[in-house]
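These notes concern the structure reproduced below.
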Amino acid sequence: MADPAILVVNAGSSSIKYAAFRHDDSPDPVILGKGQIEGLGTRPRFVGKNEHGEVLGQNEWPAEGFGHAEAMAFLIDWLEHNEADIHVVAAGHRVVHGGLLYSRPVQLTDAVMAELRQFEPLAPLHQPHNLAAIRALAEQFPDLPQVGCFDTAFHRTMPEVAQLFAIPYAMTGQGIRRYGFHGLSYEYIARRLPEFAPDASRVVVAHLGNGVSMCAIHDGHSVESSMGFTAVDGLPMGTRTGALDPGLLLYLIQSQGWDAGRVEKLLYKDSGLLGVSQVSNDMRVLLASREEGARRAVELFCYAIARHLGALAAVLGGIDALVFTAGIGENAAPIREDVLRRAAWLGIRLDAAANRAGGPRLTTADSPVSAWVIPTNEEKMIAIHTRDLLAAA
Ligand code: ADP
C-alpha cells in the first residue's frame with residue numbers, strides 16, 4: 001500500500017528540491033525519500049532517492065517547455081506512480097519571506113498568496129520562485145492542502161530595536177527593517193537543544209552552510225540575527241559578501257561606474273569564501289588547500305564568526321551555550337576549533353578530541369559555557385509544521 005506522505009518543497013530559480021515524509025503522529029517524522037530537479041531553464045534533470053540515499057530514478061528534459069509547473073507535476077506523478085510508492089496528502093513549502101504578517105506557518109489560500117506576492121520585491125531572487133511552485137501545484141491539484149513555512153517567521157520575536165535600521169522612521173513603516181533569515185533551521189535547533197543542554201537559556205546558534213548566519217535565542221525565541229533586510233547581510237558566506245560598508249557600494253556606483261547588475265553580482269556571486277580565496281566557495285576545498293588565498297578566506301571566516309558571537313553574546317547578556325549547525329558547522333572541525341578558541345573569553349573550554357570526533361558536546365565537563373554540534377533539518381521542520389497545522393485545521 002502506498003505510504004501517505006507530506007511533500008516538502010524548496011523551490012529556487014533553477015532548482016526544486018523536495019523531501020517526502022511519512023504522514024503520521026510521530027514527534028520525529030520519518031523521511032521516505034528526497035531529490036531534486038536542477039537546471040530549470042538550461043538543462044532540466046531529475047534525481048530521486050529513497051530514504052537511504054539510493055538513486056531510484058533519473059530523468060532529463062529539453063529546457064523548452066519544462067518550467068516550474070511541469071516540474072511539480074512530474075514530481076507528484078513520479079512519487080505516486082513510480083518507484084517511490086507514495087501518496088501525497090499535503091505539501092509544505094519553504095517560503096523565504098513572510099514579511100511582518102506571518103510569525104508562524106500558514107495554509108496557502110488565494111488570499112494568503114496575494115499577500116505573499118507583495119513581499120516579492122523584498123526577496124526577488126527567491127520569493128517569486130517559491131510562489132511559482134505553490135501556484136503550479138494548486139492549479140494541478142486544487143484539493144491538495146498546501147502550507148507555507150517562512151524563513152523570517154522565527155525572528156518575528158526580535159524586539160523592535162533589533163529590527164530597526166538607523167534610517168528615517170517612515171521608511172521602517174514601508175517595510176525597510178531587519179527581518180532575519182534561516183528561521184526554520186534555528187527553530188529546529190531550538191526544539192532539539194533541550195535534549196542536549198536542558199538548562200541553556202541564552203544561546204547563540206551558528207548556521208554555517210553555503211548561506212551563513214548566526215542567531216541569538218533567549219528561552220527558545222529569536223532576539224537577534226546577523227542577517228537583516230536580505231540574506232546577504234552579516235557574515236561572509238560561500239559567495240556572498242556579508243555586511244559591507246554601504247559607502248563602498250556608493251563608491252563603486254559613483255566613482256567606478258558600476259550598475260546595479262554588477263553590484264548584485266559582487267554581493268551574491270563573486271565574494272565570500274570564493275572571492276577572498278580565489279580558490280573555491282567549498283570549505284572542504286579550502287581546508288585541504290595550501291594556497292595563501294584559502295588560508296586568508298578561512299581566517300576571515302572564523303574571525304567574522306567570533307566577532308558576531310561577541311555582539312550576540314552582548315545582546316543576550318552572556319551565553320549558556322553555543323551551537324554549530326549546517327554543512328560547515330556540522331562537519332568542519334578545524335573551523336569549530338578556531339572559533340571556540342577565539343571564544344575562550346566567554347567561558348568556553350574546548351574539548352579538542354571531542355570536537356575532532358564531531359561532538360555532540362565540544363566542551364569539557366567543567367566548561368562554564370557549553371558548545372555543541374546539532375545537525376539541522378529544515379525539511380523536517382517544514383513537515384512537522386505542515387502536519388500540525390493541518391491537524392489543527
Ligand atoms: P546549504 O546552505 O546549501 O544547505 P550546506 O549546509 O550543505 O549548504 O553546507 C555547504 C557547506 O558545507 C560547503 O561549504 C561545504 O564545503 C561544507 N561542508 C560539507 N561537508 C564538509 C566537511 N566534511 N568539511 C568541511 N566542510 C564541509
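As a basis for the values below, the full set of heavy atoms in this structure was taken, side chains included, without hydrogen atoms, waters or symmetry mates.
Surrounding NE2 of His308 are more than 12 heavy atoms belonging to other residues, nucleotides or ligands, all under 6.0 Å away. Shown here is Asp25, whose CG atom has no more than 12 heavy atoms of other residues, nucleotides or ligands within 6.0 Å. By the neighbour-count criterion of 12 heavy atoms within 6.0 Å, atom CD of Gln256 is densely surrounded, having more than that number from other residues, nucleotides or ligands. By the neighbour-count criterion of 12 heavy atoms within 6.0 Å, atom CG of Asp245 is densely surrounded, having more than that number from other residues, nucleotides or ligands. Within a 6.0 Å radius of CZ in Phe165, more than 12 heavy atoms belonging to other residues, nucleotides or ligands are found.
The pair Arg178-Glu224 counts as a salt bridge, with a side-chain nitrogen and a carboxylate oxygen less than 4.0 angstrom apart. Salt bridge status for Arg191 with Glu187: absent, with no side-chain N to carboxylate O gap under 4.0 Å. The pair Arg295-Glu299 meets the salt-bridge criterion, with a side-chain N (NZ, NE, NH1 or NH2) lying under 4.0 Å from an Asp/Glu carboxylate O. Salt bridge status for Arg94 with Glu378: present, with a side-chain N to carboxylate O gap under 4.0 Å. Using a 4.0 Å cut-off between charged nitrogen and carboxylate oxygen, Arg349 and Asp366 count as a salt-bridge pair.
Closest approach of Leu144 and Ala91 over heavy atoms only: CD2-CB, 4.1 Å. The two atoms that bring Leu390 and Ala90 nearest to each other are CD1-CB, 3.3 Å, heavy atoms only. Looking at every heavy atom in both residues, Asn331 comes nearest to Arg336 through N-NH1, 3.8 Å. Closest non-hydrogen pair, Val276 versus Leu300, comes out as CG2-CD2, 3.9 Å. The minimum heavy-atom distance linking Pro145 with Val89 is given by the pair CD-O, 3.3 Å. Heavy-atom minimum distance, Gln140 versus Ala69: NE2-O, 3.2 Å.
Checking His81 against Asp77 by side-chain atom types alone, a donor-acceptor pair falls below 3.5 Å. Residues His129 and Ser13 bring no donor and acceptor atom of their side chains to less than 3.5 Å of each other. A donor-acceptor contact closer than 3.5 angstrom links the side chains of Thr376 and Ser185.
Between Tyr268 and Thr239 there is no side-chain heavy-atom pair separated by less than 4.5 Å. Leu32 has its side chain within reach of Ile86: a pair of non-hydrogen atoms, C-beta onward, lies under 4.5 Å apart. Proximity of Leu131 to Met113: side-chain heavy atoms (C-beta onward) are separated by under 4.5 Å at one or more points. Residues Asn59 and Phe74 are in side-chain contact: their nearest non-hydrogen atoms beyond the backbone lie under 4.5 Å apart. Between Ser370 and Arg361, the closest side-chain pair of non-hydrogen atoms falls below 4.5 Å. Side-chain contact between Phe196 and Ile374 is present, with at least one heavy-atom pair separated by less than 4.5 Å. In this structure, the side chains of Ile6 and Val147 stay at 4.5 Å or more apart for every pair of heavy atoms. For the pair Met214/Val204, a side-chain contact is recorded, criterion being any heavy-atom separation below 4.5 Å from C-beta on.
Between the side chain of Asp320 and the main chain of Ser201, a donor-acceptor pair closer than 3.5 Å is present. Of the possible polar contacts, none joining the Glu60 side chain to the Arg43 backbone as a donor-acceptor pair under 3.5 Å is found. Checking side-chain atoms of Arg387 against main-chain N and O of Asp24 turns up a donor-acceptor pair under 3.5 Å. With Arg307 contributing its side chain and Gly310 its backbone, the two residues share no donor-acceptor pair below 3.5 Å. Here the side chain of Thr152 pairs a donor or acceptor atom with the backbone of Gly98 at under 3.5 angstrom. Side-chain N or O atoms of Glu70 include one that pairs as donor or acceptor with a backbone N or O of Gly67 at under 3.5 Å. With hydrogens and angles disregarded, no donor-acceptor distance shorter than 3.5 Å links the side chain of Ser289 to the backbone of Val285. Between the side chain of Gln36 and the backbone N or O of Phe46 there is no donor-acceptor pair closer than 3.5 Å. Side chain of Asp338 to main chain of Cys302: no donor-acceptor pair is present (N/O by atom type, distance under 3.5 Å, no hydrogens or angles). The closest donor-acceptor contact from the side chain of Gln127 to the backbone of Leu122 lies at 3.5 Å or more, if one exists at all.
Aromatic ring orientation, Phe229 versus Tyr179: tilted (interplanar angle from 30° to 60°). In this structure, Phe66 and Trp61 have parallel ring planes: the angle between them is below the 30° cut-off, well short of the 60° mark. A parallel orientation is assigned to the rings of Phe150 and Tyr102, their planes being inclined by less than 30° (bins at 30° and 60°).
Here the CG atom belonging to Leu267 is positioned 6.0 Å from the CG atom belonging to Leu244, to the nearest 0.5 angstrom. To the nearest 0.5 Å, atom CD1 of residue Ile382 and atom CG of residue Asn10 are 6.5 Å apart. To the nearest 0.5 Å, atoms NZ (Lys17) and NZ (Lys34) are separated by 9.0 Å. Atom CG in Leu350 sits 13.5 Å away from atom CZ in Arg342 (nearest 0.5 Å). One finds the NE2 atom of His23 at 13.0 Å from the CG atom of Leu7 (value rounded to the nearest 0.5 Å).
For the ring pair (Phe, Tyr, Trp, His ring centres under 6.0 Å) criterion with Phe181, the lone passing option out of His126, His97, His155 is His97. Just one residue in the list His207, His182, Glu330, Arg192 forms a side chain to side chain donor-acceptor pair (under 3.5 Å) with Thr325, and that residue is Glu330.
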Inset, instruction - Determine, step by step, whether Phe324 and Ile335 satisfy the side chain to side chain contact (heavy atoms under 4.5 Å, CB included) criterion, reporting the C-alpha distance in whole Å, the side-chain angles of both residues, the deciding distance to 0.1 Å, and the verdict. - result: CA-CA 10 Å; Phe324 293 89; Ile335 300 295; 5.9 Å; no
Inset, instruction - Could you please spell out the steps behind the side chain to side chain contact (heavy atoms under 4.5 Å, CB included) verdict for Leu125 and Val96? - result: CA-CA 10 Å; Leu125 303 181; Val96 65; over 6 Å; no
Inset, instruction - Please step through side chain to side chain contact (heavy atoms under 4.5 Å, CB included) for the pair Leu108 and His93, ending with a clear verdict. - result: CA-CA 9 Å; Leu108 295 162; His93 295 261; 4.1 Å; yes
Inset, instruction - Any chance you could lay out the side chain to side chain contact (heavy atoms under 4.5 Å, CB included) test for Leu273 and Phe301, step after step, and finish with the verdict? - result: CA-CA 8 Å; Leu273 294 173; Phe301 189 74; 3.8 Å; yes
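No chain of hydrophobic side-chain contacts below 4.5 Å, direct or via other Ile, Leu, Val, Met, Phe, Trp or Tyr residues, connects Ile217 to Leu309.
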